[in-house]
Amino acid sequence: MGGFYNDILEWYDRHRRVLPWRAEAGKKPDSYHVWLSEIMLQQTVVAAVIPYFQKFVDKWPTIHDLADADPDALMAAWAGLGYYARARNLHKAAKMISDTYSGIFPDTEQALKKLPGIGDYTSAAIIAIAHDKPAVVIDGNVERVMSRFFVIESQMPAAKAEIRRYAVQIYDPAHNRRPGDLAQAIMDLGAGICTPQSPSCGNCPVQSRCRIILEAASPEEYPRKAIKKTKKQRRGYIYHIETEAGEVLLEKRAEKGLLGGMTGFPTSEWVTGSSYPDHPGWLEGLSPAPIKNVLIKHVFTHFELSMKACRLRVADKDSIRNLPATYIWRSKSAVIDRKNDFPTIFRKFVPFINS
DNA sequence: AAGGCGTGGTG
DNA sequence: TCACCAAGCCT
């Protein structure tokens, strides 16, 4: 393992990327920055995270500022980044760190994993990167690098146990003198060289030791994965409802579940299959009219959604009886001005509320 | 423990 | 253009 360790760190020192949350070489990073970036980086590429990270640090420079943040402002700032449970958990964890830890991040994996949104990977990453202590940091990049370097034939996710056994050797504290750099080096290698498709093996610092190269196998076929299921289709309606005074109806979604805690345009239920659902009960007796040729399509991780757009003009707010308290009115100008407070699915509809 | 959970970078 | 899938966590 010594050869791998030295080669990859030598490569890292030459190719180290400058990132907003990364300290200068040899300096200790801000734990708050490390944690915030790691949460944002969960299932999300670096390029997408950078502007959000900058915005959060500008708005909330310390963990205490984030703990004191207005929840709706925090969710609005996260809008567009996806996986909104991360934002809800971020705020909960910030309060816990600010209050019970006085703003000092715990330095054991066990304590970190008690914080919402921090699991096996993120706790190890914080130990290694923020505290520069040895930890077995395994993310998708590390899994890919290990599965190729050691030619692991078992299929994911079952292969995780075997991958971990190799990773434990790689991260062995007996030789790991630069825990933070080593973890980031392997992840950077996975993100930039040992990529999922068409990896640049010719530029790899450990190509001469990599078993998949030695065996002339196909790296892009590793890690072995199960065949993916096709996404199901769901259908529904999205509504532009506006008063004569120019107020637009919005819906604050439930805290749990899809788009939890986010505000968007009202929708019907979304039903699986090729048929469309009924309009929601609070629209009883009012007949929203189809907006010709406007279909909002959106792809989620586990289904594809098509929503037919409908419009309803009402005299005033009282025109809709039995409207649940989770629905709110906002001026059309504010809706357009604050477009980016919406998740992407609802941003797509904003251009259509002007006619 | 398998499935829910978003979005945009990438080739 | 479009399929793939990412620095995972939670239940």
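Below, read A as the first sequence line, B as the second, and so on, with proteins coming before strands; counting in each chain starts at 1. Any value given below was found using the heavy atoms of this structure, including those in side chains, with hydrogens, waters and symmetry copies removed.
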message = Need one value for A:Ile126: base, sugar-phosphate or nothing, where a base atom within 4.0 Å counts as base even if backbone is also close, heavy atoms only.
response = nothing

message = Quick check on the 6.0 Å ring-centre criterion: do A:His279 and A:Tyr239 meet it?
response = yes

note = Assign each of A:Lys228 and A:Gly140 the nucleotide of DNA chain C bearing its closest heavy atom; nearer the 5' end lies the nucleotide of A:Lys228

request  = Classify the nucleic acid contact of A:Thr122 as base, sugar-phosphate or nothing, counting any heavy atom under 4.0 Å across all strands shown.
outcome  = sugar-phosphate

inquiry  = Which residue in the set A:Phe352, A:Phe265, A:Trp270 passes side chain to side chain contact (heavy atoms under 4.5 Å, CB included) when paired with A:Ile238?
reply    = A:Phe265

task = Rounded to whole angstrom, note down the P distance from B:dG8 over to C:dC9.
result = 22 Å

Listed partners of A:Glu215 passing salt bridge (charged side-chain N to carboxylate O under 4.0 Å, His left out), at least two apart = A:Arg211

message = Taking the nucleotide of DNA chain C with the nearest heavy atom to each, does A:Gly117 or A:Ser37 sit closer to the 5' end?
response = A:Ser37

ask   = What one-letter contact string describes nucleotides 3-11 of chain B from 5' to 3', where B marks a base within less than 4.0 Å of any protein heavy atom, S marks contact via sugar-phosphate atoms alone, and - marks no contact?
value = SSBBBSS-S

message = Heavy atoms only, 4.0 Å cut-off, all strands: where does A:Lys231 land among base, sugar-phosphate and nothing?
response = nothing

inquiry  = Considering every strand and a 4.0 Å limit on heavy-atom distances, what is the contact class for A:Asp188: base, sugar-phosphate, or nothing?
reply    = base

message = Below 30° counts as parallel, above 60° as perpendicular, anything between as tilted: where do the rings of A:Phe4 and A:Phe149 land?
response = perpendicular

task = Could you go through the side-chain hydrogen bond (donor to acceptor under 3.5 Å, both in side chains) check for A:Gln233 and A:Glu304 one step at a time?
result = CA-CA 5 Å; A:Gln233 302 286 327; A:Glu304 293 181 17; 3.1 Å; yes

ask   = A:Phe53 vs A:His33 aromatic rings, parallel, tilted or perpendicular, using cut-offs 30° and 60°?
value = perpendicular

task = Could you tell me from which nucleotide to which nucleotide of DNA chain C, 5' to 3', there is an atom under 4.0 Å from chain A heavy atoms?
result = C:dC5 to C:dC10

message = Measuring only the C1' atom in each nucleotide, how far is B:dA2 from C:dA7? A whole number of Å is fine.
response = 23 Å

request  = Take atom NZ of A:Lys55 as the centre, draw a 6.0 Å sphere, and report whether it contains more than 12 heavy atoms from other residues, nucleotides or ligands.
outcome  = yes

